[in-house]
2 protein chains.
Amino acid sequence: MPDRHPTLDEQIAIYQREYRDLDPQVEKVVNAVSRLDRRMNVAYGRQLATLGLSNPEWEVLKELVMAGSPYQLWPGTIAKRLGLTPAAMTHRIDRMLGQSLVTRERDPDNRVRVIIGLTDTGREKWLEVMRKASVFEEDLLQDLTTDERAHLGDMLTRLLRRVEDAQPDAGGRLTDLD
Amino acid sequence: MPDRHPTLDEQIAIYQREYRDLDPQVEKVVNAVSRLDRRMNVAYGRQLATLGLSNPEWEVLKELVMAGSPYQLWPGTIAKRLGLTPAAMTHRIDRMLGQSLVTRERDPDNRVRVIIGLTDTGREKWLEVMRKASVFEEDLLQDLTTDERAHLGDMLTRLLRRVEDAQPDAGGRLTDLD
DNA sequence: AAGCTAAAGTTCGATGCTAAAGAGTACACA
DNA sequence: TGTGTACTCTTTAGCATCGAACTTTAGCTT
């Protein structure tokens, strides 16, 4: 028994034997996305480690940069976007404060709220990671032509729109919001 | 501040302001994959919960089915494929034994080793999940024609080959194995 | 204005994960 | 045959996360 998974095509062939009505085309796309994400995260994790950053910290950094200037978000917002509980955010922020990656202050407009801000250190860390990551990402896509990259990006965006603009109903079906 | 992320295109526009040399085409593909995987996992998680299954348990079930008949793997193999430590596998298997999803027995060829086997109950659970999941997956891909689905699957497979057949070197570069 | 309700974030107890140490087994080589 | 070495799984301690209860504040209702 080798430590590696069967190839994607082997996996789907076996799945089809177990479940006759499975659509191999759909299954291929879905499982490729899942496998790709896992591999990408392993690669990112390795590079983050060399910069003294953990994956959880990197996630928070990304959210703050993604928010754009002035790089501020409420903890609850970050938590929801990352799919975490507020409790987990409290502890993550605690740790990141110690490394001066972020700041935490009370919201002057509502004293129950708190504002998490990105420090210059945090922004520079983000940039370092991105510079390293872009080398890996370019390698990952090296077999695709510019046209293919554009087409791939376009199709993935369409899938994403389908799932980000909709909420699954009680039966798990994706239904349009409006 | 809304709880939702900026759209993918907004995210990339902001990233470009922060990091001029970023390739937006590459970034779009990579971030779309990452976002898609997160959304898919949320959707799967919801459906698993209705079947009394957790995500960790589902991962193990998938590995055993993917191994094909006779649905047996060593704990260490499953751990490596899932990116977990052996210790985590020990505990996962403990929990799954309680639900009769898997069996654990000593390997007759090497008494240090252990063989994890899939029970009929486990196989039926896998099938239930797949039936539910395929509804969601079909919804996810509904905007793509058959040709597009094939092309998308093909391109993703090529990315996957690049990252599954290679090991990043010390600098994080992807290099061919042979 | 006073009290009610909703919302944000922190604290607390329980669970699952990791890293490292430990116990048991197989194999190579003298 | 005996010993060393490598390997596999389990155990243990420490840490991150979750679910739930709690504190504080804002805004609505009467």
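In this text the structure is predicted, and so the values were computed from the model without any measurement.
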**OP:** Taking the side chain as every heavy atom from C-beta outward, state whether B/E27 and A/M130 have any pair of such atoms under 4.5 Å apart.
**Re:** yes

Subject >> Heavy-atom check, side chain of A/E59 versus side chain of A/S54, under 4.5 Å >> reply: no

Original post:
Are side-chain N/O atoms of B/Y44 and B/E137 paired as donor and acceptor at under 3.5 Å?
Top reply: yes

Original post:
Is a side-chain donor-acceptor pair under 3.5 Å present for A/E164 with B/H5?
Top reply: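 B/H5 vs A/E164: no donor-acceptor pair found between side chains.
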
Original post:
Using a heavy-atom cut-off of 4.0 Å to chain B, what are the terminal contacting nucleotides of DNA chain C, in 5' to 3' order?
Top reply: C/dG16 to C/dA26

Side-chain donor-acceptor pairs under 3.5 Å in residues 113-122 of chain B, sequence neighbours left out?
| unit_1 | atom_1 | unit_2 | atom_2 | d |
| --- | --- | --- | --- | --- |
| B/T119 | OG1 | B/S100 | O | 2.6 |
| B/T119 | OG1 | B/L101 | O | 3.0 |
| B/T119 | OG1 | B/T121 | N | 3.4 |
| B/T119 | OG1 | B/G122 | N | 3.0 |

**OP:** Just jot down the side chain to side chain contact (heavy atoms under 4.5 Å, CB included) partners of B/A87, sequence neighbours excluded, or say none.
**Re:** B/T85

**OP:** Run the numbers on B/Y71 and A/E18 for side chain to side chain donor-acceptor pair (under 3.5 Å), then give the verdict.
**Re:** CA-CA 12 Å; B/Y71 312 105; A/E18 298 291 325; 2.2 Å; yes

Subject >> Member of A/R162, A/R161, A/R158 meeting the salt bridge (charged side-chain N to carboxylate O under 4.0 Å, His left out) criterion with B/D143 >> reply: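 For B/D143, the salt bridge (charged side-chain N to carboxylate O under 4.0 Å, His left out) check succeeds only for A/R162.
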
Original post:
Among residues 58-70 of chain B, which residues get a heavy atom nearer than 4.0 Å to DNA chain D?
Top reply: none

**OP:** Give the B/S/- string for nucleotides 15-28 of chain D, one per nucleotide from 5' to 3', where a protein heavy atom under 4.0 Å of the base yields B, of only the sugar-phosphate yields S, and otherwise -.
**Re:** -SBBB----BBS--

Original post:
More than 12 non-hydrogen atoms from neighbouring residues, nucleotides or ligands closer than 6.0 Å to CZ on B/R111, yes or no?
Top reply: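 Atom CZ in B/R111 is not crowded, with 12 or fewer foreign heavy atoms closer than 6.0 Å.
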
**OP:** Give A/R106 one of three labels, base, sugar-phosphate or nothing, depending on what nucleic acid heavy atoms sit under 4.0 Å from its own.
**Re:**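 Result for A/R106 = nothing.
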
Subject >> Set of side-chain hydrogen bond (donor to acceptor under 3.5 Å, both in side chains) partners for B/N55, sequence neighbours left out >> reply: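 B/N55 satisfies side-chain hydrogen bond (donor to acceptor under 3.5 Å, both in side chains) with no other residue.
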
